[in-house]
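See structure below.
Note that the structure is predicted; figures quoted are calculated from it, not measured. Side chains are part of it too, since the values below use all heavy atoms of this structure and drop only hydrogens, waters and symmetry mates.
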Amino acid sequence: MLPSQSYVNISFFQPHAFLMIGIPGLEAVHGWISIPFSSMYTVALTGNCLILLAVGRTSSLHQPMYYFLSMLALTDVGLTLSTLPTTLAVLWFDHRLIGFNACLVQMFFLHSFSVVESLVLLAMSFDHFMAISNPLHYAAILTNNVIIRIGLAIVARATLSLFPVPFLLKRLNFCPDKNLLSHSFCFHADAMKRACADITVNILYGLYVVLSTVGVDSLLIVLSYTLILHTVMGLASRRDCVRAINTCVSHILAVLIFYIPVIGVSMIHRLGRHLPHIVHALIAYVYLVVPPVLNPIIYSVKSKPIREAMLRMLREKR
């Protein structure tokens, strides 16, 4: 019995830690690369926190559309904080090790915040549809209680969708000589490829999560805008038509800067195995870093009430 037990213990291997990389091939200039990354993280955290404070402290912004914008800003803060510690540790200090369990935790939060962002963008498209197609009953339908329930449903759906992922990885037998990740953070699609075991279940479940969340959400957003366009075309006044479309521009840009990189990451991990590692790294950074940076800029530029509230807060700070 003892020999067989020792054999089982030896045959199943999980690394104590993974080794992360920054941008492949550019390790010599990581110090310089850290400057734009630090700037983008600062802009993302500052801009999104300003939106949260502006909405929270300005009574005129206590409306459904700004509550949903606050959800988006809070999600972007979470997404930024999910990758910031390990990315800057690699770029600043060349600290490349991340513990196996820490990797699983980071992976769960990183992917969860991505799913939450997709769902918040869907909720915002529903908000726009209600505001344009049924303005008289808009406030009666989207009450504070309804918005709270939507927020809780978003968090619950993301949590339930991603909860099995760490456990699916933890059951795998890993290769002792394959502990090098392709990024400065933990991706499910990246980590599972370090296993010396059948990862079919992981692949299928990962595909299911992508299709059931981002895939379904994107289709529903397209449906929402199809209905919005149909409603707008029925407006008698051209001025009202332009005004209605203009209210959606910020959200459309937010949708594009989120979903285009998501599609790119999904395609590259499944079909772009022969592409250079630097392409994988850059697409992943665009997917995780760029939306939190651009969203507050887009909404502060396109939304006058948000811009004025943010400027008012900055003046008060001085």
Common cluster, Leu180/Val279, ILVMFWY with side-chain heavy-atom separation under 4.5 Å: no
I'd like to know whether the aromatic ring centres of Phe167 and Tyr205 sit less than 6.0 Å apart in this structure. no
Are any of the side-chain heavy atoms of Pro166 and Met107 separated by less than 4.5 Å? no
Spatial distance of atom CD1 (Ile245) from atom CD1 (Ile252) [nearest 0.5 Å]: 8.5 Å
Would you check if there is a donor-acceptor pair between the side chains of Ser118 and Tyr259 at a distance under 3.5 Å? yes
Decide yes or no for Phe93 and Leu88: does some side-chain heavy atom of the first lie under 4.5 Å from some side-chain heavy atom of the second? no
Is the backbone N or O of Ser182 less than 3.5 Å from a side-chain atom of Asp190, with the two atoms forming a donor-acceptor pair by type? yes
I'd like to know if the side chain of Thr83 pairs up with that of Tyr41 as donor and acceptor (distance under 3.5 Å, no hydrogens or angles considered). yes
Ser218 side-chain N/O to Gly215 backbone N/O, donor-acceptor pair under 3.5 Å: yes
Are Tyr285 and His183 an aromatic pair, judged by ring center distance below 6.0 Å? no
I need the minimum non-hydrogen distance between Arg307 and Lys302, along with the two atoms involved. NH1-N, 4.5 Å
Can you hop from Phe129 to Val242 via hydrophobic side chains spaced under 4.5 Å? no
Using a strict threshold of under 4.0 Å (side-chain N to carboxylate O), is an ion pair present between Asp177 and Arg194? no
Set out, in order, the CA-CA distance, both residues' side-chain angles and the distance that settles side-chain contact (heavy atoms from CB on, under 4.5 Å) for Val77 and Cys49, then state yes or no. CA-CA 8 Å; Val77 169; Cys49 287; 4.3 Å; yes
Which pair of heavy atoms, one from Ala284 and one from Val265, lies closest together, and at what distance? CA-CG2, 4.1 Å
Exercise: identify the closest heavy-atom pair between Val209 and Ser161: CG2-O, 3.7 Å
Given the rule that I, L, V, M, F, W and Y join up when any side-chain heavy atoms are under 4.5 Å apart, are Val146 and Leu61 in one cluster? yes
For Val55 and Ile306, run side-chain contact (heavy atoms from CB on, under 4.5 Å): C-alpha distance rounded to whole Å, both residues' side-chain angles, the deciding distance at 0.1 Å, then the answer. CA-CA 8 Å; Val55 174; Ile306 289 291; 4.0 Å; yes
Between the side chain of Glu27 and the main-chain N/O of Gly22, is any donor-acceptor distance below 3.5 Å? no
Single-linkage hydrophobic cluster Val155~Leu110, side-chain heavy atoms < 4.5 angstrom: no
Can you measure from CE (Met71) to CE (Met124) and round to the nearest 0.5 angstrom? 10.0 Å
Quick one: does Val210's side chain get under 4.5 Å of Val262's, heavy atoms only? no
Apply side-chain contact (heavy atoms from CB on, under 4.5 Å) to the pair Leu26 and Ile278, showing each step before the final yes or no. CA-CA 9 Å; Leu26 299 177; Ile278 191 171; 4.1 Å; yes
Could you check whether any side-chain heavy atom of Val232 comes within less than 4.5 Å of a side-chain heavy atom of Ile132, counting everything from C-beta outward? yes
Under 4.5 Å between any side-chain heavy atoms of Ser112 and Phe163, yes or no? no
Please enumerate all residues that pass side-chain hydrogen bond (donor to acceptor under 3.5 Å, both in side chains) together with Asn202, with sequence neighbours excluded. Arg171
Same hydrophobic cluster for Trp92 and Ile98, using side-chain heavy-atom links shorter than 4.5 Å among ILVMFWY? yes
Using only atom types and a distance under 3.5 Å, with no angle test, would you say the side chain of Asp76 pairs donor to acceptor with the backbone of Val293? no
May I ask you to check whether Phe126 and Phe68 place their ring centers less than 6.0 Å from one another? no
Applying side-chain contact (heavy atoms from CB on, under 4.5 Å), run through Leu172 and Asp198 and close with a yes or a no. CA-CA 8 Å; Leu172 294 177; Asp198 185 5; over 6 Å; no
Would you confirm whether Arg96, through its side chain, and Met20, through its main-chain N or O, come within 3.5 Å as a donor-acceptor pair? yes
Could you please spell out the steps behind the side-chain hydrogen bond (donor to acceptor under 3.5 Å, both in side chains) verdict for Tyr287 and Ser114? CA-CA 9 Å; Tyr287 158 51; Ser114 296; 2.7 Å; yes
Any idea which heavy atoms bring Pro85 and Leu81 closest together, and the distance? CD-O, 3.1 Å
His62 side-chain N/O to Arg57 backbone N/O, donor-acceptor pair under 3.5 Å: no
Could you grab the distance from atom CG of Leu288 to atom CD of Glu117, nearest 0.5 Å is fine? 10.0 Å
Side-chain contact, heavy-atom cut-off 4.5 Å: Ile257 with Asn295? yes
Is His251 reaching over with its side chain to a backbone N or O of Leu121, donor-acceptor style, under 3.5 angstrom? yes
Can you see whether Gln106 engages Thr86 through a side-chain donor-acceptor pair at a distance of less than 3.5 angstrom? yes
Considering only heavy atoms from C-beta outward, does the side chain of Phe100 approach that of Lys170 to under 4.5 Å? yes
Phe109 CZ: over 12 foreign heavy atoms closer than 6.0 Å: no
To the nearest 0.5 Å, what is the distance between OG on Ser300 and CG on Leu311? 8.5 Å
In terms of heavy-atom contacts, Ile228 and Cys248 come closest through CG2-SG, 4.4 Å
Output yes when a side-chain donor or acceptor of Ser34 lies under 3.5 Å from a complementary backbone atom of Gly31, and no otherwise. yes
First locate atom CG of Asn179, then atom CD of Gln14, and finally report the distance between them rounded to the nearest 0.5 Å. 13.0 Å
Would you give the length of the straight line joining atom CG of Leu104 to atom SG of Cys186, rounded to the nearest 0.5 angstrom? 7.5 Å
Less than 4.5 Å apart, side chain to side chain, heavy atoms only: is that true for Leu294 and Phe258? no
Backbone N or O of Ala139 within a donor-acceptor pair of the Thr143 side chain at under 3.5 Å? no
Return yes if a side-chain donor-acceptor contact under 3.5 Å exists between Thr231 and Ser133, otherwise no. no
Does Val43 offer a backbone N or O that forms a donor-acceptor pair with the side chain of Thr46 under 3.5 Å? no
